[in-house]
Number of protein chains: 2
Amino acid sequence: MTKLREDDDLRDEEQTGFIKPTDMTLRPVGLIKNRIDELSLVAGGAGLEMRGELDATMEQVREVRQAISEIVIDETLTGILDGIEEYSHLVVLYWAHKVPEEGRSLVKVHPMGRKDIPEVGIFSTCSPARPNPVLTTVVRLCGLRGNVLEVAGLDAVDGSPVVDIKPYVKDSYPKDGVTVPDWMERLQNEVRGRGRRDG
Amino acid sequence: MTKLREDDDLRDEEQTGFIKPTDMTLRPVGLIKNRIDELSLVAGGAGLEMRGELDATMEQVREVRQAISEIVIDETLTGILDGIEEYSHLVVLYWAHKVPEEGRSLVKVHPMGRKDIPEVGIFSTCSPARPNPVLTTVVRLCGLRGNVLEVAGLDAVDGSPVVDIKPYVKDSYPKDGVTVPDWMERLQNEVRGRGRRDG
């Protein structure tokens, strides 16, 4: 039975401070295999940098979103994929292994490396350079062969370690009343190919 | 510029095997504070167990989904939340710190501890007991006070370490053509309070 405390007071900081962090070590459960060697956006100590020109970059972002990847699950985890073929979509959690150690201490960046957008905090962005570079993508499941998942739309580079695979259950993702900042709306429109609107 | 290899062949297993896993250590970036001491579903070495009766459990799952939690972000990460108040919803990644070590080696469970549903692989379930117990929930942002986010709908227990906060951008979550197994559909209906349909 879920236990809710009777009192309305949340625990005070002393009890739940950063004193004894739990040991949090990830174990690779698989590996991503695709033809993407490098992403357009490169995370470094200084922030994000976009390689190449804007239009070409956006075109490549779209291309990557359609590409097929293989997710090879550790063969020793026999049975862990049982029933997965009944889902049309999955959430893949993976480790951005190409983010250098110094990229994990960034706190603010220009979104997508765009100097025309003011810097915001990392938690307001989808930057791969973040304190814990665990990235998530919803993919379409195209096939399953033994311990290999074939998926479409995985925005990850070849060789990324897989952290977790979860079912995509759309009820858990609200559709109504969702708002994002203007700059994010604009970036999304550009990726969709609806042209660039400066301002 | 995104580099796609010219050849159509994906890298062979030898090159991308499990030989040299990247060191993947998470650092707590914050802590979840709420009144939830224990969840209805308890992960153990033997699988998931539901505490209490079904109807009461489902009621509590609904209750938890509405509850307000605080996410206290590490004060040393000054600026990392800048701009976050412009989002209505966020994705919270947290560590299921109450999952015992042996719970990380489970490969199959009865979904939600329900013996009337056949066992499936962990990756087909939302079980907190998984090789890497990083859980994700989309929450509604209700308020921001300094380094404290006030959110609704965070399905986590008090004291859970926070791994990451990401913007919720609904374009990344497909709405059409999404299917889930029948048992998952049925569980979702039960949580919504549309009654239990055995079968």
Side-chain angles (χ1 to χ4, degrees), chain A residues 1-5 10-11 16 18 21-22 24-29 31 33 35 37-40 51-52 60 64 70 74 77 79-84 86-89 93 95 97 107-108 120-124 131-132 134 138 159 161 163-165 167 169-171 173 178-181 188, chain B residues 1-5 10-11 16 18 21-22 24-29 31 33 35 37-40 51-52 60 64 70 74 77 79-84 86-89 93 95 97 107-108 120-124 131-132 134 138 159 161 163-165 167 169-171 173 178-181 188:
Chain A
M1 199 177 289
T2 304
K3 285 188 193 164
L4 289 172
R5 279 195 298 282
L10 295 173
R11 289 195 175 177
T16 50
F18 299 95
T22 315
M24 303 192 292
T25 308
L26 301 176
R27 306 162 188 168
V29 295
L31 215 56
K33 291 168 71 178
R35 294 191 300 120
D37 272 341
E38 274 177 2
L39 287 178
S40 317
R51 295 175 188 262
Q60 280 157 344
V64 166
E70 285 183 357
D74 186 342
L77 299 171
I80 206 158
L81 292 175
D82 284 7
I84 204 114
E86 291 197 70
Y87 291 95
S88 62
H89 293 75
L93 272 66
W95 185 257
H97 67 306
V107 290
K108 296 181 77 165
V120 293
I122 288 288
F123 289 167
S124 298
N132 292 305
V134 176
V138 178
V163 171
D164 198 10
I165 308 280
V169 179
K170 72 179 175 187
D171 268 23
Y173 299 89
V178 177
T179 52
V180 299
Q188 287 181 277
Chain B
M1 199 178 288
T2 304
K3 285 188 193 162
L4 289 172
R5 279 196 298 281
L10 294 174
R11 290 195 174 176
T16 51
F18 299 95
T22 315
M24 303 192 290
T25 307
L26 301 176
R27 306 161 187 168
V29 294
L31 215 56
K33 291 168 71 178
R35 295 190 300 119
D37 271 341
E38 273 177 3
L39 287 179
S40 316
R51 295 174 188 264
Q60 281 155 346
V64 166
E70 286 183 356
D74 186 342
L77 299 171
I80 205 157
L81 293 175
D82 284 8
I84 204 115
E86 290 197 72
Y87 291 95
S88 61
H89 292 75
L93 273 66
W95 185 257
H97 67 306
V107 290
K108 295 181 78 166
V120 292
I122 288 287
F123 289 167
S124 297
N132 292 305
V134 176
V138 177
V163 170
D164 198 11
I165 308 279
V169 179
K170 71 179 176 187
D171 269 24
Y173 300 89
V178 177
T179 54
V180 299
Q188 287 181 278

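Across every non-hydrogen atom of B:Leu26 and B:Val134, the tightest pair is CD1-CG2, 4.1 Å. A:Met24 and B:Arg27 make their closest contact through CE-C, 3.8 Å (heavy atoms, listed as atom of the first residue, atom of the second, distance).
With sequence neighbours left out, B:Val178 forms a side-chain contact (heavy atoms from CB on, under 4.5 Å) with A:Ser88, A:His89, A:Tyr168, A:Lys170, B:Pro174. Applying the side-chain hydrogen bond (donor to acceptor under 3.5 Å, both in side chains) rule to A:Gln188 yields the partners B:Asp171; only residues at least two apart in sequence or on another chain are considered.
Interface remark: of the candidates B:Gly79, B:Ser124, B:Pro131, B:Gly121, B:Ser124 forms the most heavy-atom pairs closer than 4.5 Å to chain A. Heavy-atom pairs under 4.5 Å with chain B peak, among A:Val138, A:Val180, A:Thr179, at A:Thr179. Ranked by non-hydrogen atom pairs under 4.5 Å with chain B, the options A:Leu81, A:Val169, A:Val120, A:Leu77 are led by A:Val169.
For chain B, the nearby parts of A:Ile122 are the backbone and the side chain; heavy atoms of each come within less than 4.5 Å. Residue B:Ile84 touches chain A through both its backbone and its side chain, counting heavy-atom pairs closer than 4.5 Å.
A:Asn132 places no side-chain N or O within 3.5 Å of a backbone atom of B:Pro28 that could act as its donor or acceptor partner.
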